[in-house]
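Each remark here refers to the structure printed beneath this line.
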Amino acid sequence: MSKVRVRLREKRHIYIHNDIANAAFHFKKRILDRLETGDREGITLDVMAGLTMLAFAVEARINFVGIKRVKDWKERRPYLEKTETVCASLGINPDWKVRPLSSIRALVEFRNLLAHGKPQEHYKEEEVVITDEEINDRKMLIPEWQDYATEQNFLDTYDDADAFWHELINKAGLRIFDTITSGESSIDFIERIDE
């Protein structure tokens with residue numbers, strides 16, 4: 001069997017923030033389609049998944065800009081601390097009390113609530129006189145995260161995360177093209193080797 005000697009060259013830039021952002025976009029599209037058709041069965045679970053993917057995408061984007069623009073970037077730091085570092089390096093004065101960063105902070109808190117999930121046990125006993133509607137309105141078995149996981153909150157937070165991303169890449173002097181997974185390869189024939 002004859003063989004050839006070749007020189008292989010490849011260059012790859014794999015940017016996971018794109019894949020995660022695509023997952024968040026998938027959930028956004030799915031939620032909008034379901035709202036349009038009135039299909040609400042399990043929609044809160046789609047919102048939950050969409051918010052989770054969005055939180056991961058924001059952090060991956062922070063890591064991307066950090067690697068590109070922050071000297072001695074340390075990826076293994078707390079989410080908000082990394083965001084502060086990137087903002088400082090780009091001359092952005094983050095105001096966590098207004099959108100889009102107030103949305104990012106709430107998103108991080110939501111993500112942490114799910115990522116570090118722990119049981120919640122509450123005990124209370126009282127005797128009351130109430131109507132059936134009041135009993136149902138008590139929402140005793142609604143988890144803490146569910147109030148945050150609304151369709152509108154997801155859509156608003158998605159828009160805020162997108163606005164923040166565009167601000168980051170603009171301040172970093174990057175183009176969208178610079179943020180996209182890409183690569184190239186070549187094979188140069190050197191010689192045929194006969195055995």
Side-chain angles (χ1 to χ4, degrees), residues 3-33 46-96 99-116 153-191 193:
K3 296 184 179 182
V4 293
R5 181 183 320 275
V6 297
R7 178 172 293 111
L8 302 174
R9 290 185 191 100
E10 67 178 39
K11 179 169 66 171
R12 298 183 298 158
H13 302 279
I14 308 297
Y15 299 139
I16 194 167
H17 65 265
N18 294 309
D19 302 314
I20 302 168
N22 283 338
F25 178 76
H26 166 80
F27 284 107
K28 177 184 177 185
K29 185 178 179 321
R30 180 173 167 78
I31 290 162
L32 288 171
D33 289 347
D46 285 337
V47 170
M48 178 188 192
L51 286 166
T52 302
M53 289 296 102
L54 189 57
F56 291 164
V58 170
E59 184 170 14
R61 287 170 167 176
I62 291 293
N63 286 330
F64 172 81
V65 175
I67 286 168
K68 294 288 186 184
R69 294 295 185 255
V70 176
K71 185 177 176 166
D72 299 322
W73 177 249
K74 293 177 180 59
E75 178 269 329
R76 295 257 181 217
R77 291 183 313 176
Y79 197 123
L80 295 178
E81 183 181 316
K82 291 190 297 188
T83 304
E84 291 270 353
T85 300
V86 165
C87 286
S89 76
L90 300 177
I92 298 171
N93 185 18
D95 186 346
W96 294 101
R99 292 174 68 182
L101 286 176
S102 62
S103 293
I104 301 300
R105 176 173 289 238
L107 182 64
V108 171
E109 290 169 5
F110 172 79
R111 173 228 177 254
N112 288 343
L113 185 67
L114 296 182
H116 307 291
N153 189 50
F154 172 67
L155 297 172
D156 291 343
T157 304
Y158 186 96
D159 290 344
D160 287 348
D162 193 51
F164 183 54
W165 170 236
H166 286 285
E167 180 181 11
L168 288 176
I169 60 175
N170 287 334
K171 293 280 189 171
L174 298 167
R175 303 165 298 158
I176 285 289
F177 186 77
D178 299 325
T179 71
I180 296 172
T181 295
S182 62
E184 59 187 59
S185 65
S186 67
I187 302 173
D188 295 327
F189 174 78
I190 298 172
E191 66 180 329
I193 301 173

Look at the side chain of [X] and the backbone N and O of [Y], then say whether any donor-acceptor pair between them is shorter than 3.5 Å.
X	Y	result
Asp160	Ile104	no
Lys28	Gly50	no
Asp162	Tyr158	no
Tyr79	Asn112	no
Thr157	Asn153	yes
Thr179	Ile176	yes
Arg69	Ala172	yes

Does [X] have any salt bridge (charged side-chain N to carboxylate O under 4.0 Å, His left out) partners at least two apart in sequence or in another chain, and if so, which?
X	result
Glu184	none
Arg9	Asp188
Asp178	Arg175

Is the number of heavy atoms from other residues, nucleotides or ligands within 6.0 Å of [atom1] ([X]) greater than 12?
X	atom1	value
Leu114	CG	yes
Phe177	CZ	no
Leu113	CG	yes

Are the side chains of [Y] and [X] in contact, using a 4.5 Å heavy-atom criterion?
X	Y	answer
Leu90	Val65	yes
Phe164	Pro94	no
Phe27	Leu51	no

Mind checking the [atom1]-[atom2] spacing from [X] to [Y]? Nearest 0.5 Å is all I need.
X	Y	atom1	atom2	value
Glu10	Ser186	CD	OG	9.5 Å
Lys71	Ser89	NZ	OG	13.5 Å
Ile187	Arg7	CD1	CZ	12.5 Å
Glu109	Leu80	CD	CG	7.5 Å
Asn63	Thr83	CG	OG1	9.0 Å
Leu32	Leu155	CG	CG	5.0 Å

Could you report the tightest heavy-atom contact between [X] and [Y], atom names first, then the distance?
X	Y	value
Ala161	Leu54	CB-CD1, 3.8 Å
Phe56	Arg111	CE2-NE, 4.0 Å
Ile20	Met53	CG2-O, 3.2 Å
Asp95	Leu101	O-CB, 3.6 Å
Ala57	His17	O-CB, 4.4 Å

Worked verdict on Ile92 versus Leu168 for side chain to side chain contact (heavy atoms under 4.5 Å, CB included): CA-CA 9 Å; Ile92 298 171; Leu168 288 176; 4.0 Å; yes
Lys82 vs Trp73, side chain to side chain contact (heavy atoms under 4.5 Å, CB included): CA-CA, chis, key distance, verdict: CA-CA 9 Å; Lys82 291 190 297 188; Trp73 177 249; 3.6 Å; yes
Side chain to side chain contact (heavy atoms under 4.5 Å, CB included) between Trp165 and Val58, worked out: CA-CA 8 Å; Trp165 170 236; Val58 170; over 6 Å; no
Test log, rule side chain to side chain contact (heavy atoms under 4.5 Å, CB included), inputs Arg99 and Ser102: CA-CA 5 Å; Arg99 292 174 68 182; Ser102 62; 3.5 Å; yes
Parallel, tilted or perpendicular: rings of Phe64 and Tyr15 (30°, 60°): perpendicular
